Amino acid sequence: MSYITDEARAPWRALEPTIDLPGQSLEEIVANNPGRRTILKNGLLGLSILPMMGALAACGEDDGTSTPAPAPTPAPTPTPTASYAIAFSSVASSREDKVTVPAGYTVDVLFSAGDVVEAGAPGYKGSFQPSSETEKQAGGNHDGMEFYELVGVDPNAGGLLAINHEVADANILFAGSYNAATATAEQKALVLSAVGVSVIEVARGADGKWAVKAGSKYNKRYTGNSFYTPSGPAASALSASIKGTLNNCSSGRTPWGTYMTCEETTNNYLDPTQPNNDYGWVVELDPYAELTSLPKKRTAMGRFSHENVAYMADSSNRVAFYMGDDTTPGCIYKFVPSAAYSSTSRAANTDLLDSGTLYVARFNADGSGEWRELTQGKNGLVPGATDPGNVSQGPATPVTVNFATQSDVLIRTQAAARVAGGTIMDRPEWLTVAPDNSAVYCTLTNNSSRQVADAANPRTGNRNGSIIKFKENANSPLATSFTWEIFVLAGDPSLSAANGGNANLVGNINGDTFSSPDGLRIDPKGRMWVQTDHSITSTSGVAGKALVDVFGNNAMFHVDQTTKLSKRFLVGPVGCEITGIAYTQDLKTFFINIQHPEGAWPVAGAQPRSSTIVVRRTDAQPVGN
């Protein structure tokens, strides 16, 4: 969650506890089992075209004359085998206003707030523009994203990027701050144009650099001014046609190749005239579809402050989707569709997400865990239920909640989770699933207001956050029990009691330290990447030291799943959050998002703009080597 989100939502969060800290994808399947590429492409777009390669042999006729024997053709230099070992040298923490990467890497800015998306739109002009133009341009605060292959295109040289826009880069939209209560219709339209999703076709040029393919039929915007269709058990309780998707924080994808953008707000704080129940959902859209195909808000997956979605699938095409609620209190959820998905008929999956079972995670003190079903009539979800409230932050006043229908459960998912006995976590953000289904990880970014610790959240005043790991029974997405452990406690030894801090701030990181883990992804080779979102101005817990004084600017790390060794791979510019991870199938191109920079990045002398960058090695080897 961007701190800008916290500020913008402040008037609607007055009754919530104060927090002083803001805060298996398709390519995994393909990379680990190339034979499935054809099946997956058939399921998405029809028959795939397999290139045919052959060699021509030249024959010469013997005319009886003596000719010198030709010089032997030099044997071709063998192409080196790609290595996916983590061999980069850690970069130092930094407070410079630039993106820092290891030696041997390049960084290029691909796509910034205000850049052209839809054909005919002007690009950012360096001055304020009308909403009729910004509606077709890149939104702000780039966050979660996914890379999609295109039939007939080398997947390592081109494809689609679907990118979330969490909130507006207001500094390029209008002068001053935004106040929903006094905003004009045009000001509302401007702000709402800058949230949602961009879908862009990108391609690698002859020089190796990536660029947006101007005029591509795939390029499109979904914004806060667009319309969306509610579906699933709670659809009848929402507007028939919903204006806007908001706070599009992180994201996810389905095994059948659609994009899931996650709404990290349960109200429309940008335009409060709209019903609150219309927001706080997972929205499924088709990155390949025409813009006339309306995305759907999937109510069966629950309403809360969604961060991202990560899935686990089994050999029978049964699938579970894991989600975190980035609030305090916030729980961890999974949704299991009632039926298996089809890998041969994409159309058969059109409404798969409208029927299934939603669960909340309970982490027991003995290291066991269970998934509590959030179904009306079960686990206390009945009329007159008692919601204990946020007991993690001290005594709370219980509230009576009437769960008379499944729609009630889904609209008030946060209360339902507490009633059912879900564990209140420290702001669960991104989840990621190991390629072999052996583990699921979740970043718990921080919770400085926690007063009551428990086994899964062992620190009060948790300023630096943690990463939790759990393993489903039999590695099955259908499991209703799991085991868990705390993978790492974030922090830094300099924050010890001897230096004016306390034990809760130190952590147990092996290697380069970090605070507030947020973005998280395990790539197809099993390498874990962690991105941070610590507050720049908030205190570290040691007098006179802000978090940035201890950890530098926000950064991206590789953390080994076995040794837990942490290595700092990238450091962002001043004031930013590092978020969003996508990559090409060969892992030689990484796309990463720089959200809300505050200095003069990416263009010196110009307004700062959130951007998507491309990170590559100069020797064309995989990133991380």
Side-chain angles (χ1 to χ4, degrees), residues 24-27 29-30 37 39-48 117-119 136 138-139 143-153 155 158-165 195-202 212-213 216-232 235 241-242 244-245 248 250-263 281-301 306 308-311 313 317 319 321 335 337 339 341-356 582:
Q24 155 166 149
S25 64
L26 179 65
E27 66 264 37
I29 296 172
V30 171
R37 175 181 300 280
I39 296 175
L40 290 166
K41 283 190 174 180
N42 288 350
L44 293 180
L45 298 171
L47 294 176
S48 60
V117 175
E118 295 183 13
K136 299 179 179 181
D143 207 307
M145 63 181 163
E146 297 285 340
F147 181 81
Y148 294 87
E149 299 178 6
L150 288 171
V151 170
V153 176
L160 302 182
L161 274 178
I163 302 172
N164 276 2
H165 300 293
V195 297
V197 177
S198 289
V199 177
I200 51 174
E201 184 176 358
V202 295
V212 178
K213 225 177 156 179
S216 168
K217 66 180 182 179
Y218 297 107
N219 293 353
K220 51 189 170 288
R221 280 298 320 277
Y222 300 91
T223 76
N225 295 308
S226 307
F227 286 88
Y228 304 81
T229 302
S231 66
S241 181
I242 298 173
T245 180
N248 305 85
S250 189
S251 57
R253 69 193 301 153
T254 64
W256 50 95
T258 55
Y259 184 68
M260 294 188 286
T261 181
C262 299
E263 297 184 321
W281 305 103
V282 172
V283 185
E284 184 184 17
L285 63 87
D286 185 353
Y288 301 101
E290 298 294 329
L291 196 54
T292 52
S293 175
L294 293 183
K296 292 186 177 181
K297 297 200 176 189
R298 300 296 188 181
T299 65
M301 301 179 78
H306 289 271
N308 86 321
V309 180
Y311 77 77
N317 289 355
V319 61
F321 295 92
F335 174 74
Y341 70 88
S342 172
S343 59
T344 58
S345 172
R346 196 165 184 242
N349 303 317
T350 299
D351 293 317
L352 191 69
L353 299 180
D354 284 343
S355 178

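No experiment lies behind these values; they were computed from the predicted model shown.
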Got a second to check how far Lys136's NZ is from Asn219's CG, nearest 0.5 Å? 13.0 Å
Examine distances only and state if a side-chain atom of Thr261 and a backbone atom of Ser251 form a donor-acceptor pair shorter than 3.5 Å. no
If you apply the rule salt bridge (Lys or Arg N to Asp or Glu O under 4.0 Å), what do you find for Glu201 with Lys213, and how did you get there? CA-CA 5 Å; Glu201 184 176 358; Lys213 225 177 156 179; 3.6 Å; yes
Point-to-point distance, once rounded to the nearest 0.5 Å, from NZ of Lys297 to OG of Ser231: 11.0 Å
Restricting to non-hydrogen atoms, name the atom on Asp286 and the atom on Lys220 that form the minimum distance, rounded to 0.1 Å. O-CE, 4.0 Å
Ala339 and Leu352: which non-hydrogen atoms are nearest, and at how many Å? O-CD1, 3.6 Å
Ignoring hydrogens and angles, tell me if any N or O in the side chain of Arg346 forms a donor-acceptor pair with the backbone of Gly257 under 3.5 Å. yes
Indicate the atoms forming the closest heavy-atom contact of Cys262 with His306, along with that distance. CB-CB, 3.5 Å
How close do Tyr259 and Pro287 get, counting heavy atoms only, and between which atoms? N-CD, 4.0 Å
Below 30° counts as parallel, above 60° as perpendicular, anything between as tilted: where do the rings of Tyr341 and Trp256 land? tilted
According to side chain to side chain contact (heavy atoms under 4.5 Å, CB included), who are the partners of Ala119, at least two apart in sequence or on a separate chain? none
Side-chain donor/acceptor of Asn349 to backbone N/O of Ser342, under 3.5 Å: yes
Under a 3.5 Å distance rule, please check whether Asp354 uses its side chain to pair with a backbone N or O of Arg298 as donor and acceptor. no
Taking only residues two or more places apart in sequence or in another chain, which ones pass side chain to side chain contact (heavy atoms under 4.5 Å, CB included) with Pro230? Ala235, Leu238, Ile242
Taken to the nearest 0.5 Å, the spacing of Leu353 CG from Lys296 NZ works out to 10.0 Å
Backbone N/O of Val309 and side chain of Arg253: donor-acceptor pair under 3.5 Å: no
When you measure from the side chain of Asn164 to the backbone of Ser250, do you find a donor-acceptor pair of N or O atoms at a distance under 3.5 Å? yes
Keeping the roles fixed (side chain from Arg221, backbone from Val199), state whether a donor-acceptor pair exists under 3.5 Å. no
Inter-residue atom distance Glu146.CD - Ile163.CD1, 0.5 Å rounding: 11.0 Å
Give a yes or no on whether the backbone of Trp281 and the side-chain of Glu263 come within a donor-acceptor separation of less than 3.5 Å. yes
What are the two closest non-hydrogen atoms of Gly232 and Thr299, and how far apart are they? C-OG1, 3.2 Å
For the CD1 atom of Ile200 and the CG atom of Leu160, what is their distance to the nearest 0.5 Å? 9.0 Å
Might you point out which heavy atoms bring Tyr148 and Thr258 nearest each other, and give the distance in Å? OH-O, 3.1 Å
Could you grab the distance from atom NE2 of His165 to atom OG1 of Thr245, nearest 0.5 Å is fine? 11.5 Å
Angle class for the Tyr222/Tyr228 ring planes (parallel below 30°, perpendicular above 60°, tilted otherwise)? tilted
Please determine whether side-chain contact (heavy atoms from CB on, under 4.5 Å) holds for the pair Asn248 and Asp143, giving the CA-CA distance in whole Å, both sets of side-chain angles, and the decisive distance to 0.1 Å. CA-CA 8 Å; Asn248 305 85; Asp143 207 307; over 6 Å; no
